[in-house]
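Read the structure below first, then the notes.
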Amino acid sequence: MFRTLRRALCVAAALLLPLAGVQSAQADATAEAAGAGYWHTSGRQILDAAGQPVRIAGINWFGFETGNHVVHGLWARDYKSMIDQMRSLGYNTLRMPYSDDILKPGTMPDSINTDGMNTDLRGLTSLQVLDRIVAYAGRSGLKVVLDRHRPDAAGQSALWYTTSVPESTWITNLKALAARYKGDSTVIGIDLHNEPHDPACWGCGDTARDWRLAAQRAGNAVLSVNPDLLIMVEGVQSFNGVNGWWGGNLMGVAQYPVQLDVPDRLVYSAHDYATSVAQQSWFSDPSFPANLPGIWDKYWGYVFKQNIAPVWLGEFGTTLQASVDQKWLAELVKYLRSTSAHGADSFHWTFWSWNPNSGDTGGILKDDWRTVDTAKDAYLASVKAPAFGSGTPGPGPGDPGDPGGSTPACTAAYTVSSDWGGGFNAEVKVTNTGGVPLKSWRVSWTWSGSQKVTSMWNASHTQSGATVTAVNAAHNGSVPVAGSASFGLGGAPGGGSVPSLACTAA
């Protein structure tokens, strides 16, 4: 969608509150089995390689589509700690917007802090950074959908092409990404183009404007390279004179469905927003919010309800400041169908956004890039779904290989990310330096001063005097060879020196 970036970051003490009670232990156990391999569709459901139904319940992390040519926030945190936090909050999929600029040879990312964090990203191109994020997401049990958000970093385009980025370049680059991640089932699909809107049409037959025909051309090109990918096709703005959100109008599907050469690969996608983005007539209707399910049925929900294909709400979000927006989000989450009642026989979704710097929605994170907006996150609790188990894919492009050996071993690195005198935040990165995957790990250290742990996330801890012992959480104890896991902590007082760490692996 069209959005501006907000004010500069402020640094504050962060107490990250993990989402409690989203999944039962039984659901977590099922997550280890569900989601394996590439996915396909059957009617309105998405199934994994074993035929088990799965639910995309994820988050948008944007930045690769901007002039930074990389996900935002890496100036404040290590990318692994971000992904670990997403996982701990119950998000299971990353939608990664990008522009075609990152496929230009030698495109380098901007605004990555590699001083004590993100050290393995130093000197990498934007595509190589994407490789690392995909690899770590996969090891963490997350799936990835690549979203061709813009032709270039300059801004959103109504059509899938511009004078400087013709359709041929769009398709060539889609095929290149499909080939790049072929064989790595962490990347389960590609969203062909973000938010087509007027003058884009659906079913009008004009090849220069008909998004449905363009999606067929591009989708079949992608499948000719990697036939295992899901093809995500967004709607348009207008159909037969009925207007809606950019990319949010799928009314034309009933008469003009997208037809792909490979069956069971098509997922339709819509976007829906609240008044913090723009006004729509239904927000001021006297029957609001009771009118909303009928609105969604008309624009995109019918595709799911009539068993035509799966429907993925690829973007929805709000600042949550207005009461009308709060009612909208509560009603929308109910419409998406709770996981406890319907399982994976539900609408799929990725919330906009993880980033706090989306001007008209804000994010799950607050401006310090650490603290969770727990009120906003809580709205999504009923539609979250299990992660897909930590995978161990083969080394992808630029991903380290197996160093060999057979003894579990690990090292740990401690980085102070902020210190305001009265307290501090720190991150600890645990790296598997042995030749076999880790089943669990433990990190110990002794502070030289009077510091006490006030909070810890992605690990549990005990403290005796100045000595602290941190043990992995349930979701990040398994660490593949050459992989890493991270946890964070808050402590007080600040001003202490960095301690020496001992890491024990099993």
Side-chain angles (χ1 to χ4, degrees), residues 60-75 77-80 82-83 93-114 117-140 142-154 160-162 164-166 168-194 218 221-222 224-226 228-232 354-355 391 393-401 482-484:
N60 284 270
W61 187 10
F62 68 80
F64 275 107
E65 84 284 13
T66 72
N68 296 103
H69 303 121
V70 72
V71 285
H72 287 176
L74 300 190
W75 53 75
R77 292 181 65 183
D78 186 272
Y79 73 96
K80 296 186 182 74
M82 293 260 228
I83 292 172
T93 303
L94 275 175
R95 181 176 182 256
M96 304 287 294
Y98 72 90
S99 83
D100 290 69
D101 283 349
I102 71 166
L103 287 107
K104 294 178 180 178
T107 298
M108 300 298 293
D110 187 26
S111 300
I112 299 180
N113 184 350
T114 58
M117 64 180 78
N118 300 305
T119 54
D120 60 329
L121 305 184
R122 188 178 291 124
L124 299 186
T125 66
S126 293
L127 273 180
Q128 289 169 335
V129 173
L130 180 59
D131 294 336
R132 293 295 174 92
I133 291 172
V134 167
Y136 191 77
R139 289 193 291 265
S140 302
L142 274 63
K143 295 290 189 178
V144 173
V145 176
L146 301 175
D147 157 44
R148 196 280 192 147
H149 209 74
R150 300 171 175 172
D152 55 51
W160 54 97
Y161 63 91
T162 63
S164 58
V165 184
S168 59
T169 299
W170 171 55
I171 290 179
T172 295
N173 288 340
L174 287 171
K175 291 172 66 176
L177 284 174
R180 188 177 189 88
Y181 297 110
K182 185 175 183 179
D184 184 353
S185 58
T186 298
V187 178
I188 47 100
I190 295 182
D191 189 341
L192 297 177
H193 179 61
N194 184 68
V222 167
S224 71
V225 173
N226 187 346
D228 293 315
L229 289 175
L230 296 176
I231 303 299
M232 277 72 169
W354 180 248
N355 308 46
D399 196 30
S484 62

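This chain uses plain numbering: 1 for the first residue, then up along the sequence.
The side-chain heavy atoms of D120 and K80, taken from C-beta on, include a pair separated by under 4.5 Å. Using a 4.5 Å cut-off on side-chain heavy atoms (C-beta onward), N60 and W354 make no contact. Counting heavy atoms from C-beta outward, Y98 and N173 have side chains that stay 4.5 Å or more apart. Proximity of H149 to F62: side-chain heavy atoms (C-beta onward) are nowhere separated by under 4.5 Å. V165 has its side chain out of reach of W160: every pair of non-hydrogen atoms, C-beta onward, lies at least 4.5 Å apart. The shortest side-chain heavy-atom distance between Y79 and L121 falls under the 4.5 Å cut-off. Contact of the R122 side chain with the T119 side chain is registered, since non-hydrogen atoms from C-beta on lie closer than 4.5 Å. You'll find the side chain of R180 stays beyond 4.5 Å of the side chain of V187, heavy atoms only.
Under a 3.5 Å cut-off, the side chain of S140 and the backbone N or O of L142 do not form any donor-acceptor pair. Between the side chain of S224 and the main chain of A221, a donor-acceptor pair closer than 3.5 Å is present. In terms of modelled atom types and a separation under 3.5 Å, the side chain of N118 and the main chain of L74 share a donor-acceptor contact. No donor-acceptor pair closer than 3.5 Å links the side chain of D191 to the backbone N or O of L146. When atom types are taken as modelled, the side chain of Y161 and the backbone of T169 share no donor-acceptor pair closer than 3.5 angstrom.
With sequence neighbours left out, A218 forms a side chain to side chain contact (heavy atoms under 4.5 Å, CB included) with W170, I171, L174, L192. Residues that satisfy the side chain to side chain contact (heavy atoms under 4.5 Å, CB included) test with S111, not counting sequence neighbours, are N68, W75.
Atoms CG and CE, from L177 and M96 in turn, are 11.5 Å apart once rounded to the nearest 0.5 Å. Here R148 contributes atom CZ and I190 contributes atom CD1; the two are 11.5 Å apart, rounded to the nearest 0.5 Å. To the nearest 0.5 angstrom, H72 atom NE2 is 10.5 Å from I112 atom CD1. Taken from OG in S185 to CG in N226, the straight-line distance is 10.5 Å, to the nearest 0.5 Å. Expressed to the nearest 0.5 Å, how far NE2 of H193 lies from CG of D147 amounts to 9.5 Å. Once rounded to the nearest 0.5 Å, the distance linking CG of L103 with CZ of F64 reads 11.0 Å.
The nearest pair of heavy atoms linking G138 to T186 is CA-OG1, 3.3 Å. For the pair K175 and V222, the tightest heavy-atom approach, listed with the atom from each and the gap, is CG-N, 4.3 Å. Shown here for S126 and H69, the closest heavy-atom pair between the two residues is OG-O, 2.7 Å. A pairwise comparison of heavy atoms in I102 and L130 identifies CD1-CD2, 4.4 Å as the closest pair. Considering every non-hydrogen atom in both T107 and K104, the closest pair reads OG1-O, 2.9 Å. Heavy atoms only, all atoms of each residue included: G189 and L229 are closest at N-CD2, 3.9 Å.
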- [ ] I would like to know whether D100 and D152 meet side chain to side chain contact (heavy atoms under 4.5 Å, CB included); could you show each step before the answer?
- [x] CA-CA 6 Å; D100 290 69; D152 55 51; over 6 Å; no
